[in-house]
Amino acid sequence: MKVLIVSDSHGLVDELQVLKERHKEEADLFLHCGDSELPIDDKAISGYVVVQGNCDYYAKYPEETIQEVNGKKLLMVHGHLYGVKSSVSRLLYRAKEVGAQIACFGHSHYLGMEMIEDVLFINPGSLRLPRGRMEKTYVILSVEDKTLKTEVYDFDKGLLPELTAEFPI
C-alpha cells in the first residue's frame, strides 16, 4: 500500500490537484499534514485526509487522525501542538500511546525521515516554503509487511532517488 504525504502548502490549490492526478494510480491514500489554509469543501483538498495546522483559520480539521495502512497504524498531526521544531519526544509519546508505527507531521517545513524506538517519523517538507532545502517536497510511503520505504519527490523535478530510504519494521 502506498501513501502520498504532503504538508504546509499554505494556500496552494493547483499543486494539490496536480499531485492527486499525478499519483492517482499508485497512491492508495493521500495525507495532508496541515497548513493547507483551505476550507474543508475546497476542491483542491478533496480526496486528502487533512489535519488542522496552526495557520488553518478557514476550517476546523481534526487535530490528529489515525489511519490503518496495510496492518500498521499511522498517526498524523501537524506538529505545532507537540513542539516538533525543538524535539519529536512528545510526538513519540503520543505515537506510543496510540500504538502507531508511523508518525507523520509538518509545521517545521523541514524534510526528514527517522526511525526512533520503532516509530518511523516522516515530515514531507513543504510545497510552498521549504526550509533546509530548495526543493518543494512530498513523500510517498510504501508500507510492506516488514519494510517501510520512503521516496522523496520534488514537485517540479520528480523523484529524488538519492533520498529513497528503507526502514525495517
Exercise. Are Tyr48 and Leu19 side-chain neighbours, meaning at least one heavy-atom pair lies under 4.5 Å?
Worked result: yes

Problem set entry | Gap separating the CG atom of Leu141 from the SG atom of Cys104, nearest 0.5 angstrom | 6.5 Å

Exercise. Are the side chain of Thr147 and the backbone of Glu144 linked by a donor-acceptor contact shorter than 3.5 Å?
Worked result: no

Exercise. Only one of Asn123, Thr137, Asp8 forms a side-chain hydrogen bond (donor to acceptor under 3.5 Å, both in side chains) with His109, so which one is it?
Worked result: Asp8

Problem set entry | CG (Asp28) with more than 12 external heavy atoms under 6.0 Å | yes

Problem set entry | Cationic tip of Arg22 above Phe155 ring, under 6.0 Å, 45° of axis | yes

Problem set entry | Check: Glu117 main-chain N/O paired with Lys96 side-chain donor or acceptor under 3.5 Å | yes

For this session: Decide if the gap between the ring center of Tyr138 and the ring center of His32 is smaller than 6.0 angstrom.
Result: no

Problem set entry | SB check Arg94 Glu64 (cutoff 4.0 Å) | yes

Exercise. Do Leu148 and Leu31 share a hydrophobic cluster, counting only Ile, Leu, Val, Met, Phe, Trp and Tyr and linking them when any side-chain heavy atoms are less than 4.5 Å apart?
Worked result: yes

Seminar exercise, completed: Smallest heavy-atom separation, Gly106 atom then Val84 atom, equals O-CG2, 3.8 Å

Seminar exercise, completed: Of all heavy-atom pairs linking Leu16 and Ala44, the shortest is CB-O, 3.6 Å

Exercise. SG of Cys55 to NE2 of His10: how many Å apart, nearest 0.5 Å?
Worked result: 5.0 Å

Exercise. If we only count heavy atoms from C-beta on, is the Ile140 to His23 side-chain gap below 4.5 Å?
Worked result: yes

Exercise. Any donor and acceptor pair, going by atom type alone, linking the side chain of Arg128 with main-chain N or O of Ser36 inside 3.5 Å?
Worked result: no

Problem set entry | Distance, nearest 0.5 Å, that separates CG of Asp35 from CG of Asp56 | 5.0 Å

Exercise. Got Glu63 and Val77 here, is their nearest side-chain heavy-atom distance under 4.5 Å?
Worked result: no

Exercise. Is there a path of hydrophobic side-chain contacts, each under 4.5 Å between heavy atoms of I, L, V, M, F, W or Y residues, that connects Val119 with Ile102?
Worked result: no

Exercise. Are Val152 and Leu29 connected, step by step, through hydrophobic side chains (Ile, Leu, Val, Met, Phe, Trp, Tyr) whose heavy atoms are closer than 4.5 Å?
Worked result: yes

Exercise. Is there a side-chain contact between Phe105 and Val88 (heavy atoms, below 4.5 Å)?
Worked result: yes

Exercise. Roughly how far, to the nearest 0.5 Å, is the CE atom of Met76 from the OG atom of Ser7?
Worked result: 9.0 Å

For this session: Please collect all side chain to side chain donor-acceptor pair (under 3.5 Å) contacts where either partner lies in residues 153-169, sequence neighbours excluded, each pair once.
Result: none

Problem set entry | Any donor-acceptor N/O pair, Arg131 side chain to Ser108 backbone, under 3.5 Å | yes

Exercise. With side chains defined as the heavy atoms from C-beta onward, is the minimum distance between Val139 and Leu111 less than 4.5 Å?
Worked result: yes

Problem set entry | Between OG1 on residue Thr150 and CD1 on residue Ile122, distance to nearest 0.5 Å | 6.0 Å

For this session: Work out which heavy atom in Tyr61 is nearest to a heavy atom in Val51; give both atom names and the distance.
Result: CB-C, 3.6 Å

Problem set entry | Hphob cluster co-occupancy, Met113 + Val143, side-chain heavy atoms under 4.5 angstrom | yes

For this session: Decide yes or no for Met115 and Ile169: does some side-chain heavy atom of the first lie under 4.5 Å from some side-chain heavy atom of the second?
Result: yes

Exercise. Does Asn54 have any side-chain hydrogen bond (donor to acceptor under 3.5 Å, both in side chains) partners at least two apart in sequence or in another chain, and if so, which?
Worked result: His78, His107

For this session: Hey, could you give me the CG/CG distance between Leu12 and Leu127, rounded to the nearest 0.5 Å?
Result: 6.5 Å

Exercise. Hey, any chance Val49 and Val6 share a hydrophobic cluster, counting ILVMFWY side chains that come within less than 4.5 Å of each other, even indirectly?
Worked result: no

For this session: Can you tell me which residue pairs pass the side chain to side chain donor-acceptor pair (under 3.5 Å) test with a partner in residues 67-76, sequence neighbours excluded?
Result: Thr65-Gln67

Exercise. Taking side chain as C-beta onward, heavy atoms only, is Cys33 less than 4.5 Å from Ile5?
Worked result: yes

Problem set entry | Non-hydrogen side-chain atoms of Ile40 and Val50 separated by less than 4.5 Å | no

For this session: Measure from the side-chain N and O atoms of Ser9 to the backbone N and O of Gly11, and report whether any donor-acceptor pair falls under 3.5 Å.
Result: no

